[in-house]
Amino acid sequence: MTEKNTFVRMASDPASLIISSEDENATMGDGVTHQDNVSADIMDRLDRMAEISESKKHLTRRCFTPQHRQVITLVSGWMRDAGMKVWEDATGNLMGRYEGTDDKAPAILLGSHLDSVVKAGKYDGPLGILAAIDCVKALNIRNARLKNPIEVACFTDEEGVRFQSTYLGSRGIAGTFDFNLLNRADKDDITLAEAMTDFGLDTDRIGEAARQKGDFLCYLEVHIEQGPVLESEDLAVCAVTAIAGADRMTVTATGKAGHAGTVPMGARQDALAAAAECVLTVEEVAAAHPYAVGTVGQIEAEHGATNVIPGKVVFSVDFRAADDAVRREAVNDLTKRFEDIANRRNVDIVLEQSHSADGVTSAPWIVDAIEDAMTDLGHRPFKLPSGAGHDAAALAEITDVGMIFVRCKDGISHNPDESITREDAIAGAELLLRTVERIGGLET
Ligand SMILES: [Zn+2]
């Protein structure tokens, strides 16, 4: 049996694009083959999703591109096959629903994101989506219904690569979509509003994607760890306790440019030497605080030349900690130490904050449920905070959140070398299913 994926845009309600399957003898659109819809193996499906890329050389899949549309077509077929009703919401999130026995009960929301960074790995995002689909599929095969419906969200844009936005889709659902972003242009000068319109969405109706507090019992996401801890603990999976808060700053050090040959060492105001001391200070301060990490990822000496003492240097600081109080104290400490460096070296150091977000704590009852499910499945219970941001941070505005991490090789992520094993992918999906069964009252 082959089938065609048809997108029907309802004239009266473009916000809820219905995705239906019709025409059993027709061929499928967008290069989707019959094999895609019958393949049961999670690794095969991860590979199939990774083929949908803007580049032939590496995986790049930004929001509202033709490849985003293509991956929606592919994944919506798998969602339907798993037993879900499928639709697309007003911010382009692909949504699915598997009814429970009580249609008034709040839904258990599962999901992850469809977009990727530039030159991405295969697993950041898609693993969580496929684990969620497998969870519904496993219940459907057994003809099992929980009291609560299950919804699966495949978020439009989590990485924020195209429009320097974060959590575009999950903020749409949380009702915190930033409308100022609509005028922001990508590198080809296409605004977010234009991109959404081209994608078939109506920007006047974005608000309709918002769900209410009480629509969901909780949000659960499976994601690769993107760090090396599970590997060192010899564990396939764990529960996530919190998503770290983050501060990002642009720091400008201004000294005095001069001739490298003529200005004596004692008379210099070297902005780069001051910045170098700041970089090491970021490292020292982060190391001195629990679960804190600090990074200088960009640095540039203005008009850099071999024979010129740098007069102006701009660098970035990214500082994160699982505990907000720890992060604030550390950033305070960092600011004071930058002042000392500026005074001692006779340069100006100005910090400009570009981003500040508090951390989000997983609901303790969800962490408990995940750890109990780990025990059920023979895993040693273990939990970790997440240093990276995830859609759960946006959804915490409207519901309790929790996450499951899956081990990835050498902690590498946001890179083509991202790697997980089939066994670990299955362990993540099974742990999600067991956790959902526990939460939904299926104890057997
Ligand atoms: Zn991700």
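We count ligands from 1, going down the list as the structure has it; atoms in each ligand are counted the same way. Keep in mind that the numbers below use all heavy atoms, side chains included, and drop hydrogens, waters and symmetry copies.
Within the structure, the side-chain hydrogen bond (donor to acceptor under 3.5 Å, both in side chains) test picks out the following pairs touching residues 406-416 (sequence neighbours left out): D124-H414, E159-H414, Q226-S413, R407-D424, S413-E418.
Between V406 and A425, the shortest heavy-atom contact is CG1-N, 4.4 Å. Shortest non-hydrogen contact noted between M43 and I420 is CE-O, 3.6 Å. G169 and F155 get closest at one heavy-atom pair: C-CD2, 4.0 Å.
The distance cut-off of 2.8 Å around the Zn ion (ligand 1) captures these protein N, O or S atoms, sorted by chain and number: H113 NE2, D124 OD1, H223 NE2.
Using modelled atom types, no side-chain atom of T295 and backbone atom of G297 make a donor-acceptor pair closer than 3.5 Å.
Between F199 and H68, the two ring planes are parallel [angle under 30°; tilted spans 30° to 60°].
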